[in-house]
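Each remark here refers to the structure printed beneath this line.
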Amino acid sequence: MPGFQSRLASARRRLGDLLGGLAPTEDQRNLQRLQQRVQHLETLVEGLQDSIHRDSLRHEQRMLDLERKTEPDALTKALSEHARRRGL
């Protein structure tokens, strides 16, 4: 989302330039509220991206663990240990 974020930052700068130095009108107050909403939404999106990334890392680690456990050598060893414990 780098393209979106850079466009948003550019729009914010332009909005700041428009709002700077002018007496607050209803439109300017509305623009300020919208800017606050956008900032809030950006925070939510960043949090969601972080959460998805962490979940992706956990999922990848689980898959690696499963792959290691099902490799022929690891599987043979686990079955042998299980058979010894059960007295087979």
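Note that the coordinates shown come from a computational prediction; the quantities given were computed from them, not determined experimentally.
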### Query
Counting N and O atoms only, with roles assigned by atom type, does the side chain of S10 sit under 3.5 Å from a partner on the main chain of S6, one being a donor and the other an acceptor?
no
### Message
Just verifying a value: how many Å separate R33 CZ and Q36 CD, rounded to the nearest 0.5 Å?
### Response
8.5 Å
### Task
Would you indicate whether D55, at its atom CG, is surrounded by more than 12 heavy atoms from other residues, nucleotides or ligands within a distance under 6.0 Å?
yes
### Message
Tell me if the CZ atom of R37 is crowded by more than 12 foreign heavy atoms within 6.0 Å.
### Response
no
### Query
What distance separates L79 CG from R84 CZ, expressed to the nearest 0.5 Å?
11.0 Å
### Query
Is it true that a side-chain atom of T76 and a backbone atom of P72 form a donor plus acceptor pair closer than 3.5 Å?
yes
### Task
Could you grab the distance from atom CD of Q61 to atom OG of S56, nearest 0.5 Å is fine?
11.5 Å
### Task
May I ask you to decide whether D65 forms a salt bridge with R62, counting only side-chain N to carboxylate O separations under 4.0 Å?
no
### Task
Answer yes or no: is there an ion pair linking R54 with E60, defined by an N-O contact shorter than 4.0 Å?
no
### Query
Does the Q28 side chain pair with the main chain of T25, one donor and one acceptor, at a distance under 3.5 Å?
yes
### Query
Apart from L48 itself, which Ile, Leu, Val, Met, Phe, Trp or Tyr residues share its cluster (side-chain heavy atoms under 4.5 Å, direct or through members)?
I52
### Task
Measure the spacing between CZ of R29 and CG of L34 and express it to the nearest 0.5 Å.
13.5 Å
### Point-to-point distance, once rounded to the nearest 0.5 Å, from NE2 of H53 to CZ of R58
10.5 Å
#### Entry: Pair R68 + E71, salt bridge at N-O below 4.0 Å
no
